[in-house]
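Per chain, numbering begins at 1; letters A, B, ... match sequence-line order.
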Number of protein chains: 2
Amino acid sequence: MAIAKLPTPSTPAGRLHEATLHSILGYQLAQASIVTNALYTKHTAQVFDLRPAEYTLLTLVVENPGGSMARLAKALAVSAPNITAWVDRLEKRELVVREKSESDKRTQMLRATAKGIKLASQATAKILEMEKQALKGLSALEQYTLLELLHKVGSLRATI
Amino acid sequence: MAIAKLPTPSTPAGRLHEATLHSILGYQLAQASIVTNALYTKHTAQVFDLRPAEYTLLTLVVENPGGSMARLAKALAVSAPNITAWVDRLEKRELVVREKSESDKRTQMLRATAKGIKLASQATAKILEMEKQALKGLSALEQYTLLELLHKVGSLRATI
DNA sequence: TATTGTTATACTCTATAACTATA
DNA sequence: TATAGTTATAGAGTATAACAATA
């Protein structure tokens, strides 16, 4: 199947032509991220005092109790010192704790505290509600399809 | 229509569970961006000596000759000093030029030089080729759908 | 008064290098 | 030798504040 002709080539905000950039996935991801970042900053960041990276890290720890910091670094494609700094902050706020592993004493196993689990849960509820509201212009099928296709692109990481 | 059950909730790289994050658009955008950023860094950044922001800015100037810096700032959702710095770099490399507007003497109109137009064109060809190669696992319809849905999300910027 | 653009400055995020402890 | 994690440090990228010129 041939790729169909692409529609109106103009940026959402600036009314600039973007015929070329329209077909570039990286650019469209960046533009869409402007929207989700703005939503997050406006309605979630202050309320829960969680920056995007903190929220993501906390949620991954909640869902993966006992996971190591090295695994988090790989999952988020950031450096190890980076993870250390973020975990430091979450630990100071008593949202997660480090536990020495018995089997491999180099490893730090991470667990979320009850406080951390509660905060992550509340933040998630807020984000989902917020995105649901903002994405009303997309049908449920479109929203589902978008998430699945993005997940598929994310999965390509192993191949590059 | 109800949203269908979501499939395997694991991160592409780290094999971490992410049941919650799977439904969060902001997270999936970030994960997909890891892939496109890696592709760009690996195959385009060095070859053309253009960082992502520089490529985007240059391309927008190529496609919008005479546009102002204020419009670029809006289109990319960054601050004015930021745009000044990026344009400075592109101008030093003789890829774009600033021109004083006659009608509004506060405004700087931007134009790409022949050199800038050529470089942008070459970089675009490379990026498209690279993304095509990397996205082979997605059908043409899926790729088209993804770009359209992302554009639709980007267009929501006006509404938030 | 408001807007365009610049300069000065500081903050956030991330990375590399060097190190310790362990495997 | 290689890996997990930390510390120190530097580099991107971005933002706010203050300013000049113009509308």
Can you tell me if the side-chain N/O atoms of [X] get under 4.0 Å from OP1 or OP2 in [N]?
{"X": "Arg89(B)", "N": "dA12(D)", "value": "no"}
{"X": "Asn82(A)", "N": "dC13(C)", "value": "no"}
{"X": "Thr84(A)", "N": "dG5(D)", "value": "no"}
{"X": "Arg51(B)", "N": "dG13(D)", "value": "yes"}
{"X": "Arg71(B)", "N": "dT3(C)", "value": "no"}
{"X": "Trp86(A)", "N": "dT14(C)", "value": "yes"}

- Query: Taking atom CZ of Arg157(B) and atom CG of Leu39(A), what is their separation to the nearest 0.5 Å?
  - Reply: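 One gets 12.0 Å once the value is rounded to the nearest 0.5 Å.
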- Task: Drop me the distance from Glu131(B)'s CD to Thr36(B)'s OG1, to the nearest 0.5 angstrom.
- Result: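 If we round to the nearest 0.5 Å, Glu131(B):CD and Thr36(B):OG1 are 6.5 Å apart.
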Measure from [atom1] on [X] to [atom2] on [N] and round the result to the nearest Å.
{"X": "Asp88(A)", "N": "dG5(D)", "atom1": "CG", "atom2": "C1'", "result": "11 Å"}
{"X": "Leu110(B)", "N": "dG5(C)", "atom1": "CG", "atom2": "C1'", "result": "11 Å"}
{"X": "Leu72(A)", "N": "dA4(D)", "atom1": "CG", "atom2": "C1'", "result": "13 Å"}
{"X": "Ile83(B)", "N": "dT4(C)", "atom1": "CD1", "atom2": "P", "result": "13 Å"}
{"X": "Glu54(A)", "N": "dT12(C)", "atom1": "CD", "atom2": "C1'", "result": "11 Å"}
{"X": "Leu76(B)", "N": "dT14(D)", "atom1": "CG", "atom2": "P", "result": "9 Å"}

- Query: Would you find a donor on one side and an acceptor on the other, under 3.5 Å apart, between the side chain of Glu63(A) and the backbone of Ala19(B)?
  - Reply: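 The answer is yes, because a donor-acceptor pair under 3.5 Å joins these two groups.
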- Could you say whether Ser79(A) or Gln108(B) is positioned toward the 5' end of DNA chain C, judged by the nucleotide with the nearest heavy atom to each?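 With Ser79(A) and Gln108(B) compared, the 5'-side residue is Gln108(B).
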- Which residue lies toward the 5' end of DNA chain C, Arg98(B) or Val78(A), if each is placed at its nearest nucleotide?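 Comparing both residues, the 5'-ward one is Arg98(B).
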- Query: Are Gln31(A) and Leu76(B) close enough that some pair of their side-chain heavy atoms sits under 4.5 Å apart?
  - Reply: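 Heavy-atom side-chain distance check passes, below 4.5 Å.
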- Side chain to side chain, Arg93(A) and Glu54(A), heavy atoms closer than 4.5 Å: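 In contact.
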Tabulate protein N/O versus nucleotide N/O from nucleotides 20-23 of chain D, keeping only pairs under 3.5 Å, one per line.
from, atom 1, to, atom 2, distance (Å)
dA23(D), OP1, Lys105(B), N, 2.9

- Query: Heavy atoms under 4.0 Å, any strand shown: does Ala70(B) hit a base, just sugar-phosphate, or nothing?
  - Reply: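 Here Ala70(B) touches the backbone only, sparing every base.
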Using atom types as modelled, flag every donor-acceptor pair under 3.5 Å from a side chain in residues 118-127 of chain A to any protein atom, sequence neighbours excluded.
from, atom 1, to, atom 2, distance (Å)
Thr124(A), OG1, Tyr55(A), OH, 2.6
Thr124(A), OG1, Ala120(A), O, 2.9

- Message: Could you check whether Asp88(A) pairs with Arg98(A) (Lys NZ or Arg NE/NH1/NH2 to Asp/Glu carboxylate O, under 4.0 Å)?
- Response: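 So Asp88(A) pairs with Arg98(A) through a salt bridge.
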